[in-house]
Amino acid sequence: MAKIKTYVRPMQGWWRRNPFFVRYMIREASSVFLAIYAVILLVGLARLTQGEAAWDAWRAALTSFGSLVFHWLALLTVGYHAYTWWKVAPKTAPDLRFAGRPLPELVITAGGWFATLGASALVYIIVRWM
Amino acid sequence: MAEPRTIEIEVLRYNPEKDAEPHFQTFKVPFTHDTSVLQGLQHIKDHLDGSLTFRWSCRMAICGSCGKMVNGKPELSCHTFLRDYYPGKVRIEPLNHFPVLRDLVIDQTDFFNQKLPAVKPYLLPKEDKPLSAGTHLQTPKEYHSYYQYSQCINCLLCYAACPQYGLNPKFTGPAALALLHRYNADSRDRGWQERAEVLNSEEGVWGCTLVGYCSEVCPKGVDPAHAINQNKVKSTMDYFGVLKFLMPRGGS
């Protein structure tokens, strides 16, 4: 059979063509802030092992303007990441059924949020008591 | 409102014998409240330009032939109505991520000749029963565990919705993986190990990054994103060799 000539359209800029893909890219990019935040926490842990002066220096660095801007930004993007995380949870969950019917997606998403808020409240209470 | 009204339809045109690349052509098409986008295209072909090429068959959202990008979204053109775009324009393109053969016609051979046969989309029972042994019985619960996935009509809208397929055409993709799951989830089937190589590979479930748009655009209510992502867990268990103990229909 003769080779058929086809035209393959370029993918360049694909994620800007649809708001759904823009939200997906923001979701994926928000994990970068989460990773940087985790590295900052790990550095704090390392500084703690180096003694009081190192620990205090790390804590002082956290109060700098740049650090505050980053942490506010990280809080916002991680909040969005959490929102998308529970939104896609029904896709990653196993086939959950209740009385033979699939569990509505909203129930799984809401369950995730209850768990998140519950865990956050628990951590807050423990920290306050200690 | 007085009918018929007139809407502008922009259609992507590509003639492989003449054009180096596609271009858009605009047509003015009369429509009433029940004119589908497909009927708009048929009006163009019948009355304005007989050379316009596109696929269609059943006109009632079951054959899966008439998928197009309608204003950038993968849609069955018989299932989409011109009234919903008026007074704006409608821009119709061939389904994204597939090579264009001519105008709105895409080359589907990658799916039908490679991806679909690779997942063995048919029952692989443990052993063939003679006809005299009667039918395979199934409870409603067993039936419902795969029913939605069996609604796939191979229209390829989910491939047009999947940027991972666009970026890497080797990715097995939403419909084929959803159909793979449809047979694995069927109580009459024992073929999961025969399908494991496709499922577990980099181009199998691991090619998916959960964009999730496939499940949004499916006209038949199939949820390929769920089929793929619940199988990432199964693929991991298979990697560690525990799946065969956990599958009720096990390593047979």
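So you know, we letter chains A, B, ... as the sequences are listed, proteins then strands, and number each from 1.
- For the set B:Leu95, B:Asn231, B:Ile106, B:Val233, the count of heavy-atom pairs under 4.5 angstrom toward chain A peaks at B:Leu95.
- With a 6.0 Å radius and a threshold of 12 heavy atoms from other residues, nucleotides or ligands, A:Tyr37 has its OH atom at or below the threshold.
- Contact annotation: the side chain of B:Leu210 approaches that of A:Thr92 to within less than 4.5 Å [non-hydrogen atoms, C-beta and beyond].
- Of the possible donor and acceptor atoms, one in the side chain of A:Arg9 sits under 3.5 Å from a partner among the backbone N and O of B:Pro94.
- Residues B:Leu167 and A:Trp14 form a side-chain contact, since some pair of their non-hydrogen atoms from C-beta on lies under 4.5 Å apart.
- Between chain A and the residues B:Ser215, B:Ala161, B:Ala225, the most heavy-atom pairs under 4.5 angstrom are made by B:Ala225.
- Contacts between B:Tyr213 and chain A at a heavy-atom distance below 4.5 Å involve backbone atoms as well as side-chain atoms.
- Around atom CH2 of B:Trp206, more than 12 heavy atoms belonging to other residues, nucleotides or ligands sit under 6.0 Å away.
- Of the two parts of B:Gln148, neither the backbone nor the side chain holds a non-hydrogen atom closer than 4.5 Å to a non-hydrogen atom of chain A.
- Under the 4.5 Å side-chain criterion, counting only non-hydrogen atoms from C-beta, B:Lys141 is not in contact with A:Arg97.
- Around atom CZ of B:Phe112, more than 12 heavy atoms belonging to other residues, nucleotides or ligands sit under 6.0 Å away.
- Atom NZ of B:Lys220 sits in a crowded spot, with more than 12 heavy atoms from other residues, nucleotides or ligands closer than 6.0 Å.
- Contact annotation: the side chain of B:His181 never approaches that of A:Asp95 to less than 4.5 Å [non-hydrogen atoms, C-beta and beyond].
- Shown here for B:Thr209 and A:Tyr24, the closest heavy-atom pair between the two residues is OG1-OH, 2.8 Å.
- Distance check, rounded to the nearest 0.5 Å: NE2 of B:His226 to CG of A:Leu96 gives 7.0 Å.
- For CG of A:Leu42, the number of neighbouring non-hydrogen atoms (other residues, nucleotides, ligands) closer than 6.0 Å is greater than 12.
- Proximity to chain B (any heavy atom under 4.5 Å) is shown, for A:Pro102, by neither the backbone nor the side chain.
- For A:Gln12, no part sits under 4.5 Å from any heavy atom of chain B, backbone or side chain.
- The 12-atom threshold is not exceeded at NZ of B:Lys170, counting heavy atoms of other residues, nucleotides or ligands nearer than 6.0 Å.
- Smallest separation of non-hydrogen atoms from A:Glu105 and B:Asp223: OE2-OD2, 3.6 Å.
- Heavy-atom distances place the side chain of A:Arg27, and not its backbone, under 4.5 Å from chain B.
- Between the OH atom of B:Tyr14 and the OG1 atom of A:Thr6 there is a distance of 6.5 Å, given to the nearest 0.5 Å.
- Side-chain contact between B:His97 and A:Met11 is present, with heavy atoms from C-beta onward closer than 4.5 Å.
- Heavy atoms of other residues, nucleotides or ligands lying less than 6.0 angstrom from CZ of B:Phe24 number more than 12.
- Chosen from B:Asn229, B:Val211, B:Ile228, B:Asp107, the residue pairing most often with chain A at heavy-atom distances under 4.5 Å is B:Val211.
- Of all the heavy atoms in A:Asn18 and B:Gly72, the pair that sits closest is ND2-O, 4.2 Å.
- The shortest distance between side-chain heavy atoms of A:Tyr7 and B:Asp19 does not fall below 4.5 Å.
- For a residue to count as touching a neighbouring chain, one of its non-hydrogen atoms must lie under 4.5 Å from one of that chain's; by this rule B:Ala227 does not touch chain A.
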